[in-house]
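Counting from 1, the numbers follow the sequence of the chain as shown.
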Amino acid sequence: MATSPAAAPPRRVVICGGGVVGACTAYFLSTHAASPTVPTLVEKSSPACAASGKAGGFLALDWCDKTPALSALARASFALHRRLAATLDGGSAYGFRPVHTLSICLPTDPDPAAAAAAAASPLLPAWVDLAASAAPPRELGTTDTTAQVHPGFFTKAVLAASGAEVVIGEAERVVVRDGRVAGVVVRGRGEVDADAVVLALGPWSGRFEMVREVFDVSGLKAHSIVLRPREPENITPHALFLSYQPEPGAKMLDPEVYPRPTGEVYICGMTKDEEVPDDPETITGEPDSIAMLHKIAGRVSGQLKREEGAEVVAEQACYLPCTDDGLPVIGEMPGVKGCYVATGHSCWGILNAPATGAALAELILDGDAKIVDLAPFSPARFLKKKSKRGV
């Protein structure tokens, strides 16, 4: 287990970043059984303003099982999502619900024979057009193994339940004295004292020099649209994972469709590597990507066609934080006592935020994480890789 020896739990904890990981860390710090500690959370713009508010919110028990370390994190976090939903009335507060999950192959061109075969499948939801499936759908998850939340509502509900003091301002740097964290400098406010600091700023975590010196975290730009179908009451809780080739010879796309209890339907799937801008509020979607998502939505269901009455609620983009080895970074920063980092969760940030926050709270307040082994996620792993390369 990862350890962080301390004579006594820190009492002044500052979390930098108002996304889902920061919010969950605040919650589990404040609800810690032995040493409940209400933190201060510093956020540049507003809570859940970036990927935590624009993600799909899909949860899966066992989809990370091919990577043992990530599997343990995901399974622990899936269980925590159920527990949080029971504690915080997640069904009403942030749209938590189990879902059926299907794989559907969208045909490039209409195929009557394929549509007839799909029509015979009991799995195909009634709101999905028969012509939308080039083969009978496959079941990827059941209501026991897959679920969803509205990520923005979830982040804000967990943060509110933590009781954390939210400071709107930009965290410019971490103050370190004698190898130990002493506070955070916030633009326009000065130094905020702390004896523990958590850097949970998604792809913006790399703006801190102490992070850049150890590992890289980049941003994957992900586009999405949110639609309100003309008959939302007819849209059943089926998450759809699609395969679609827009035209012969074109790159295969893997869009995703998530109906929400609010009556809205979220569609995503167009991604690209791109430099992360300084201000999350300035992020906009690229017209070609947004147009393709509308095309895909219309191919899935007439309910999702703008020309047939679907309302456009949002057209947006966000940046998913990614690391060089594909694993998140969770743990104490090498060489700086009391400074912790949690980033790089890629597309599984909403799923894995609760276990990340719970493990960090244990690491900070108890000295070691019991809910999940953090050793595979330690930022120190990158030091070993750099030394091997002679960096």
Side-chain angles (χ1 to χ4, degrees), residues 2-48 52 155-156 158-202 204-205 207-211 214 329-343 353-371 374 378-379:
T3 60
S4 177
R11 305 310 302 171
R12 298 173 301 174
V13 181
V14 175
I15 299 169
C16 299
V20 67
V21 173
C24 285
T25 303
Y27 177 84
F28 285 105
L29 284 168
S30 68
T31 58
H32 186 273
S35 305
T37 303
V38 178
T40 298
L41 186 142
V42 179
E43 162 58 40
K44 178 178 179 177
S45 182
S46 60
S52 296
T155 300
K156 293 173 183 177
V158 172
L159 181 57
S162 77
E165 177 193 3
V166 177
V167 173
I168 300 300
E170 182 178 1
E172 295 185 310
R173 63 183 176 89
V174 177
V175 179
V176 180
R177 298 189 182 98
D178 300 323
R180 179 173 289 278
V181 74
V184 176
V185 175
V186 179
R187 178 174 294 177
R189 185 182 176 104
E191 183 175 332
V192 178
D193 293 336
D195 41 26
V197 170
V198 178
L199 303 178
L201 301 98
W204 289 276
S205 301
R207 301 297 168 95
F208 288 84
E209 184 178 1
M210 65 168 56
V211 170
V214 178
V329 186
I330 312 166
E332 190 170 33
M333 288 297 296
V336 185
K337 289 295 182 184
C339 186
Y340 305 85
V341 65
T343 187
T356 297
L360 272 179
E362 291 175 339
L363 183 59
I364 293 167
L365 298 177
D366 298 332
D368 68 277
K370 299 180 181 65
I371 190 169
L374 290 181
S378 170

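Considering only residues two or more places apart in sequence or on other chains, Glu170 meets the salt bridge (charged side-chain N to carboxylate O under 4.0 Å, His left out) condition with Arg187. Considering only residues two or more places apart in sequence or on other chains, Ala355 meets the side-chain contact (heavy atoms from CB on, under 4.5 Å) condition with Leu73, Ala76, Ser77, Leu80. Partners of Thr31 by side-chain contact (heavy atoms from CB on, under 4.5 Å), not counting sequence neighbours, listed by chain and number: Tyr27, Phe28. For Ala359, the side-chain contact (heavy atoms from CB on, under 4.5 Å) partners at least two apart in sequence or on another chain are Ala369, Ile371, Val372, Leu374. Residues forming a side-chain hydrogen bond (donor to acceptor under 3.5 Å, both in side chains) with Ser35 (at least two apart in sequence, or on another chain): none. Among residues two or more places apart in sequence or in another chain, the side-chain hydrogen bond (donor to acceptor under 3.5 Å, both in side chains) test is passed with Thr25 by none. Remark: Arg173 pairs with Val175, Val185 by the side-chain contact (heavy atoms from CB on, under 4.5 Å) rule, at least two apart or across chains.
Within the model, atoms NZ of Lys337 and CG of Asp178 stand 14.0 Å from one another, a figure rounded to the nearest 0.5 Å. Atom CG of residue Leu159 and atom SG of residue Cys24 lie 9.5 Å apart, to the nearest 0.5 angstrom. Between Thr356 atom OG1 and Leu363 atom CG the span is 12.0 Å, to the nearest 0.5 Å. Between the CG atom in Leu201 and the NZ atom in Lys44 there is a gap of 10.0 Å [rounded to 0.5 Å].
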Donor-acceptor pairs under 3.5 Å, side chain of residues 8-21 to any protein atom, not counting sequence neighbours: which ones?
unit_1, atom_1, unit_2, atom_2, d
Arg11, NH1, Thr37, OG1, 3.4
Arg11, NH2, Pro36, O, 3.3

**Request:** Let me see the working for Leu199 and Thr343 under side chain to side chain contact (heavy atoms under 4.5 Å, CB included), right down to the final yes or no.
**Result:** CA-CA 8 Å; Leu199 303 178; Thr343 187; over 6 Å; no
**Derivation of the side chain to side chain contact (heavy atoms under 4.5 Å, CB included) call for Ser205 and Arg207** = CA-CA 5 Å; Ser205 301; Arg207 301 297 168 95; over 6 Å; no
**Request:** Could you please spell out the steps behind the side chain to side chain contact (heavy atoms under 4.5 Å, CB included) verdict for Val176 and Met210?
**Result:** CA-CA 10 Å; Val176 180; Met210 65 168 56; 3.8 Å; yes
**Derivation and outcome, side chain to side chain contact (heavy atoms under 4.5 Å, CB included), residues Ser162 and Leu29** = CA-CA 8 Å; Ser162 77; Leu29 284 168; over 6 Å; no
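Heavy-atom minimum distance, Val197 versus Gly183: CG2-O, 4.2 Å. In terms of heavy-atom proximity, Ile168 sits nearest to Ser46 at CD1-CA, 4.4 Å. Minimum interatomic distance between Ala48 and Lys156 (heavy atoms only, all atoms of both residues): CB-CE, 4.2 Å. Here the closest non-hydrogen pair linking Leu360 and Ala342 is CD1-CB, 3.6 Å.
Looking only at side-chain heavy atoms (C-beta outward), Val184 and Thr40 stay at 4.5 Å or farther from each other.
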